[in-house]
Participant: 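Let me begin by handing over the structure; questions about it come next.
Any value given below was found using the heavy atoms of this structure, including those in side chains, with hydrogens, waters and symmetry copies removed. Chain A is the first sequence line, chain B the second, and so forth, proteins listed ahead of strands; every chain is numbered from 1.
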Number of protein chains: 2
Amino acid sequence: MPPDPITQTLARYGRVTAARWWALAILREAQQPLTPDELFAAAAAATPKAPDRVTVYRALDWLVAKGLVRRIAASDRAARFEVASNNPAHAHFLCTTCGRTWCLPPHPTQWPPLPDGFVAHEAELVVRGQCAHCH
Amino acid sequence: MPPDPITQTLARYGRVTAARWWALAILREAQQPLTPDELFAAAAAATPKAPDRVTVYRALDWLVAKGLVRRIAASDRAARFEVASNNPAHAHFLCTTCGRTWCLPPHPTQWPPLPDGFVAHEAELVVRGQCAHCH
DNA sequence: GTCATTTTTGCAATTCTATTGCATTTGCAT
DNA sequence: ATGCAAATGCAATAGAATTGCAAAAATGAC
Ligand SMILES: [Mn+2]
Ligand SMILES: [Mn+2]
Ligand SMILES: [Zn+2]
Ligand SMILES: [Zn+2]
């Protein structure tokens, strides 16, 4: 029996563990970026032996380090995560009423000029306002 | 004796208190956005009867609500604040090595198109990388 | 200035999110 | 199957912010 696609992907970068498998599987299905807590809850709902909260954090850190997942700082207290592969960088919309985070369609973002000697690595654009549901 | 400019500004929006006065005075002098903790430390260094930490948080919330100060979500855990009056919105640079936050020169940023029914209120652009000092 | 009313403050306790230390378990190359 | 590095669970800890409430301070009316 051949390994499933998630296992295949993980194996290309290192050890395949249950926590990493569930994190990537859940993020792949997610319609919007998830907080570690939301991801933990989804895992707990999906399997009786879901990983510990701490393990979810560590799995996410690992997935980010491998470039499989991206971290969104957005704004409120908790970080959010989404799959990075086959998913070009894009801006996000944070509804200040319901708190939900939405992905915006990829759009060429023009970075401002940097002072001499500064080197940019990545940029993040967050738009705040009200979503269609809350407006 | 006429009130100083900071007192004048505060009085236009509500009560003038020591915490608000120090918060605005310190932010006006700051060369970069400050965290509540940095602001608290600066106040403690400036006066023997500096406000409590909690009061600093509340003063900042009030200043933001009045539009005198703006909150920057940047990325690391702590929020940062800078004066908003006579200071057009602009992007920020977060050095991933030293953790410092720098203001970038104002630059026209085009927002990505929003889905139907979404209403934008503000946008925040954070560039991450290495500053001239750390590069 | 004094008083009355409303707002703000300080302090302690609490919440929320994330990180660390360490003994135990697991993945996987051999 | 075995060995060992890597990952996990659990409890403790850290960091940032918020909340409740009695005491103190700011303003406006007299
Ligand atoms: Mn997204
Ligand atoms: Mn700035
Ligand atoms: Zn909403
Ligand atoms: Zn730096």
Participant: Which letters describe nucleotides 23-30 of chain D, given B = protein heavy atom under 4.0 Å from base, S = only from sugar-phosphate, - = neither?
Facilitator: --BBS---

Participant: Which value, rounded to the nearest 0.5 Å, describes the distance between A/Leu27 atom CG and A/Ser85 atom OG?
Facilitator: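 Reported value, rounded in 0.5 Å steps: 10.5 Å.
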
Participant: Spell out protein contact along nucleotides 14-20 of chain D as letters: B when the base is contacted, S when just the sugar-phosphate is, - when no protein heavy atom is under 4.0 Å; keep the 5' to 3' order.
Facilitator: -BBBBBB

Participant: Considering only D/dC10, C/dT8, D/dA7, which nucleotide approaches the side chain of A/Asp52 most closely?
Facilitator: D/dC10

Participant: With a 6.0 Å cut-off on ring centres, are A/Trp102 and B/Phe118 close enough?
Facilitator: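 A/Trp102 vs B/Phe118: aromatic centres under 6.0 Å.
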
Participant: May I have the step-by-step check of ring pair (Phe, Tyr, Trp, His ring centres under 6.0 Å) for A/His135 and A/His133, ending in yes or no?
Facilitator: CA-CA 6 Å; A/His135 180 53; A/His133 249 251; over 10 Å; no

Participant: Determine whether the side chains of B/Thr97 and B/Gln130 contain a donor N or O and an acceptor N or O closer than 3.5 Å.
Facilitator: yes

Participant: Roughly, in whole Å, what's the span from CG in B/Leu60 to P in C/dT9?
Facilitator: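 Nearest whole value for this atom pair: 11 Å.
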
Participant: Taking atom P of C/dT8 as reference, at what distance in whole Å does atom CH2 of B/Trp62 sit?
Facilitator: 8 Å

Participant: Using atom NZ of A/Lys49 as one end and atom C1' of D/dT8 as the other, report the distance to the nearest whole Å.
Facilitator: 13 Å

Participant: I'd like to check B/Trp22 versus B/Thr47 (side-chain heavy atoms, cut-off strictly below 4.5 Å). Are they in contact?
Facilitator: yes

Participant: Starting at CH2 of A/Trp21 and ending at P of D/dT8, how long is that distance when rounded to a whole Å?
Facilitator: 15 Å

Participant: So which heavy atom on A/Cys131 is nearest to which on A/Phe93, and how close?
Facilitator: N-CE2, 3.7 Å

Participant: In whole angstroms, how far is the P atom of C/dT26 from the CZ atom of A/Arg20?
Facilitator: 15 Å

Participant: Rounded to whole angstrom units, what separation is found between the CZ atom of A/Phe40 and the C1' atom of D/dC10?
Facilitator: 12 Å

Participant: Reckon A/Ala59 touches a base, only the sugar-phosphate, or nothing at all at heavy-atom distances under 4.0 Å?
Facilitator: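 Here A/Ala59 touches no strand at all.
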
Participant: Are the side chains of A/Pro113 and B/His107 in contact, using a 4.5 Å heavy-atom criterion?
Facilitator: yes

Participant: What residues join A/Val119 in its hydrophobic cluster, counting side-chain heavy atom gaps under 4.5 Å, either direct or through other members?
Facilitator: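 None, because no other hydrophobic side chain comes under 4.5 Å of this residue.
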
Participant: Could you tell me if the side chain of A/Arg58 sits less than 4.5 Å from the side chain of A/Asp52, heavy atoms only?
Facilitator: no

